[in-house]
Amino acid sequence: MTRAYNFNAGPAALPLEVLQQAQEQFVDFQGAGMSIMEMSHRSPTYEQVNNEAQSLLRQLYGIPDNYHVLFLQGGASTQFAMLPMNLLRDGHPAAYVHTGAWADKAIKESKLIGETVVAATTASDNFMRMPSLSEIVVPSNASYLHLTSNETIGGTQFHEFPDTGDIPLIVDMSSDILSRPVDVSKFGVIYAGAQKNLGPSGVTLVIIRDDLAKDSPKSIPAMLRYDTHAKSNSLYNTPPSFSVYMVGLMLNWIKSKGGVAQIEQFNRDKTKLIYDAIDGSGGFYQGCAQEQSRSLMNITFRLGNEELEKKFIKESEAEGFVGLKGHRDVGGLRASTYNAVPLESCQALAQFMTHFQKQNG
Ligand SMILES: Cc1ncc(COP(=O)(O)O)c(C=O)c1O
């Protein structure tokens, strides 16, 4: 079998070893005579899968004991609503950094729930950069500050985070979770859909400081309250058990590669190949994001005109590349180089880019 050079933005590439391990255990999980998918989520076997995935995450990401690790459903999009429902208090606005399409969606949901202010925006730069920390102005009575660490569509990424003191810092890390070490103790909540860096779709990771998961307003339905899930070890209702199991395999794979710091180095090596191909092309390829905000996860670039971009996509597909078309809202090209994308795929893309330039430059 030939594996595609998979640059999909999400769901995205998974390591071949992880897929093969899942395949081996697919029909008979640990001699149980059934698949993990057929098992009760109340069984000791599944409970162990759930607990192991959590403890691996704690270990790999350095999550302090005063944080809950929750495996929820509904995607990061549900978190856009759950966060203000649980944490936005009357008289204390929610502050958001407006950095592109995903921040925009989070802001729209928050506005439905309560007072929402924009603490910084890069709209006037077409969202092609992240704001500097000094541009972010948080009201002193804010319920929290929310930001999007990596804008998947624009291809921009925060390379440092603000110190918000007593105001909880809440970060959507859907497209860069576990791609680099972070100091979890600086955040109130970190959340991410799993389907880019952590595993398959279907499970949403929420890492939440315990004081924020304690007192959800009584008016919120049970499934949308953090305290419900925190109290029940993410087993309040039937969890996405197969996805959680896959996240566990993916975390073991990250561990086997040397952990998150090593993964960051791999990610840097991978993206350097492609950014070098852009920067060394004498303007044939143009990176979209401003250099200081370039993402290590989503590399966005353009060619001289749309015809040439279409040709690039068509010819790259014929060579086994997948997922290089930019998001429909912005056009152009995008290579998503998440944790599981192998170096070889990036080497092949850099070579293809050089070859394509020779033919069309
Ligand atoms: C940064 C970011 N936030 C949120 C989402 C939405 O995630 P979900 O599809 O899990 O709701 C995405 C999806 O691509 C994303 O990239």
Side-chain angles (χ1 to χ4, degrees), residues 6-14 70-85 94 96-110 112 121-122 127-131 144-159 161 169-180 182 187 189-208 223-224 229 234 239-240 242-244 246-247 250 267 288-289 293-300 322-330 334-341:
N6 185 351
F7 290 97
N8 276 330
L14 288 166
L70 307 177
F71 295 128
L72 307 185
Q73 297 181 68
S77 301
T78 298
Q79 292 310 305
F80 294 163
M82 240 172 114
L83 281 161
M85 287 173 95
Y96 281 74
V97 182
H98 188 215
T99 48
W102 290 111
D104 200 57
K105 289 200 163 149
I107 291 169
K108 286 198 171 108
E109 295 293 272
S110 179
L112 295 174
T121 177
T122 51
F127 300 120
M128 284 305 122
R129 67 176 184 94
M130 289 304 197
Y144 56 81
L145 174 71
H146 178 283
L147 53 87
T148 310
S149 56
N150 185 80
E151 281 285 357
T152 321
I153 295 175
T156 54
Q157 189 175 25
F158 275 101
H159 296 296
F161 293 103
L169 176 60
I170 295 182
V171 179
D172 174 3
M173 289 196 193
S174 289
S175 49
D176 64 357
I177 187 100
L178 257 79
S179 66
R180 56 181 173 178
V182 294
F187 301 89
V189 183
I190 292 172
Y191 66 98
Q195 64 271 18
K196 301 170 197 298
N197 271 315
L198 264 189
S201 60
V203 60
T204 311
L205 169 67
V206 176
I207 301 168
I208 181 166
M223 274 298 284
L224 299 174
H229 300 288
S234 303
F242 188 73
S243 297
V244 173
M246 288 294 291
V247 166
M250 182 70 190
N267 288 334
C288 299
S293 298
R294 278 180 167 178
S295 168
L296 289 180
M297 299 278 99
N298 309 98
I299 302 170
T300 49
V322 174
L324 292 172
K325 197 167 184 293
H327 190 274
R328 59 188 179 280
D329 288 351
V330 294
R334 171 175 58 172
S336 298
T337 53
Y338 301 125
N339 290 344
V341 173

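Because the structure is a prediction, the values reported are computed rather than measured. In listed order, ligands and their atoms are each counted from 1.
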**Q** Check whether any heavy atom of Ile153 sits under 4.0 Å from an atom of ligand 1.
**A** no

**Q** With heavy atoms of Ser174 as the reference, note each atom of ligand 1 found under 4.0 Å away.
**A** 1 (C), 2 (C), 3 (N), 4 (C), 15 (C)

**Q** Hey, is Gln195 touching ligand 1 through its side chain, its backbone, both or neither, going by heavy atoms under 4.0 Å?
**A** side chain

**Q** Around atom 3 (N) of ligand 1, find the nearest protein heavy atom and jot down its residue, atom name and distance.
**A** Asp172 OD2, 2.6 Å

**Q** Tell me, please, which residues at least two apart from Lys105 pass salt bridge (charged side-chain N to carboxylate O under 4.0 Å, His left out).
**A** none

**Q** Can you tell me how the ring of Trp102 sits relative to the ring of Phe80, calling it parallel under 30°, perpendicular over 60° and tilted otherwise?
**A** tilted

**Q** Would you say Thr148 and ligand 1 have an N/O pair spaced under 3.5 Å apart?
**A** no

**Q** State which residues pass salt bridge (charged side-chain N to carboxylate O under 4.0 Å, His left out) with Asp172; sequence neighbours excluded, sorted by chain then number.
**A** none

**Q** Students should be able to answer this: which protein heavy-atom is nearest to atom 6 (C) of ligand 1, and at what distance?
**A** Trp102 CZ3, 3.4 Å

**Q** Is it the case that the side chains of Asp176 and Asn197 hold a donor-acceptor pair, with the cut-off being a distance below 3.5 Å and no angle test?
**A** no

**Q** Does Thr148 reach the main-chain N or O of Asn150 with its side chain, forming a donor-acceptor pair under 3.5 Å?
**A** no

**Q** Classify the ring geometry between Tyr96 and Tyr144 as parallel (under 30°), tilted (30 to 60°) or perpendicular (over 60°).
**A** perpendicular

**Q** Say whether Phe80, considering both its backbone and side-chain N or O atoms, lies within less than 3.5 Å of an N or O atom on ligand 1.
**A** no

**Q** Tell me which part of Ser77 gets within contact of ligand 1: side chain, backbone, both or neither, using heavy atoms under 4.0 Å.
**A** both

**Q** Less than 6.0 Å separating the ring centroids of Phe71 and His229?
**A** no

**Q** Quick check: does Thr78 get an N/O under 3.5 Å from an N/O on ligand 1?
**A** no

**Q** Any heavy atom of Lys105 closer to ligand 1 than 4.0 angstrom?
**A** no

**Q** As a check for students: among Thr99, Thr152, Val203, identify the option with a heavy atom nearest to atom 1 (C) of ligand 1.
**A** Thr152

**Q** Which option wins on minimum heavy-atom distance to atom 14 (O) of ligand 1: Gln73, Lys196, His327?
**A** Lys196

**Q** Just go through Gly74, Ser175, Ala76 and tell me whose heavy atom is the nearest to atom 8 (P) of ligand 1.
**A** Ala76

